[in-house]
Amino acid sequence: VINVYNVMEQGKFDVLFNQYYERLVLFAESYVGDLETAEDMVQDVFLSLLSRSDFNEVEYSRSYLYSCVRNGCRLFTKIESNRSIRYKVI
């Protein structure tokens, strides 16, 4: 297993995750209407943060995290509505 982030980054990540995860899930659930989907979306946001090469140099604010989740929710609902329209046509 390759360690994708160092100890310093892990500490920063843990703080962000512990501070915002539950609230972001509730926020996402209000958009998508499903707890499991909301959890997946928030986890995707946090995973994308870890994949950034500049993770340790960037300051992530509360508004940035909420914007990422909101954008993911909007994309999800758009895709879902297009999918349901496609099924109705057929």
Side-chain angles (χ1 to χ4, degrees):
V1 176
I2 298 173
N3 187 2
V4 293
Y5 52 100
N6 65 33
V7 174
M8 194 165 139
E9 289 171 330
Q10 171 146 9
K12 182 177 181 178
F13 178 83
D14 289 345
V15 168
L16 286 172
F17 188 85
N18 291 332
Q19 187 171 3
Y20 293 110
Y21 179 78
E22 289 181 20
R23 288 182 270 178
L24 289 170
V25 168
L26 292 174
F27 177 69
E29 186 181 18
S30 72
Y31 268 90
V32 298
D34 178 64
L35 179 61
E36 286 184 25
T37 302
E39 290 172 336
D40 289 343
M41 298 182 88
V42 172
Q43 289 171 10
D44 287 346
V45 167
F46 279 106
L47 287 174
S48 72
L49 293 180
L50 279 177
S51 68
R52 292 183 59 138
S53 61
D54 63 347
F55 175 79
N56 221 24
E57 287 80 39
V58 177
E59 288 298 319
Y60 298 98
S61 66
R62 177 180 177 265
S63 61
Y64 176 81
L65 295 171
Y66 275 87
S67 293
C68 290
V69 171
R70 183 185 63 241
N71 292 340
C73 290
R74 287 179 176 167
L75 180 62
F76 174 82
T77 55
K78 181 178 178 180
I79 290 169
E80 286 299 304
S81 68
N82 288 341
R83 184 178 293 151
S84 68
I85 290 171
R86 213 174 310 133
Y87 286 127
K88 288 179 185 176
V89 171
I90 297 175

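We find the OH-CG distance between Tyr66 and Asn71 to be 14.5 Å, quoted to the nearest 0.5 Å.
Residues Leu65 and Leu26 fall into different hydrophobic clusters, defined by Ile, Leu, Val, Met, Phe, Trp and Tyr side chains chained together at heavy-atom separations under 4.5 Å. Cluster membership check: Val69 shares its hydrophobic cluster with Leu35, using side-chain heavy-atom separations under 4.5 Å among Ile, Leu, Val, Met, Phe, Trp and Tyr.
Under the 30°/60° scheme for interplanar angles, the aromatic rings of Phe27 and Tyr31 are found to stand perpendicular.
Contact annotation: the side chain of Glu80 never approaches that of Thr77 to less than 4.5 Å [non-hydrogen atoms, C-beta and beyond].
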Table please: side-chain donor-acceptor pairs of residues 41-49 below 3.5 Å, with sequence neighbours left out.
unit_1	atom_1	unit_2	atom_2	d
Gln43	NE2	Tyr21	OH	3.3
Ser48	OG	Val45	O	2.7

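In summary, of the residues considered (Ser67, Cys73, Cys68), a side-chain contact (heavy atoms from CB on, under 4.5 Å) with Arg70 occurs for Ser67 alone.
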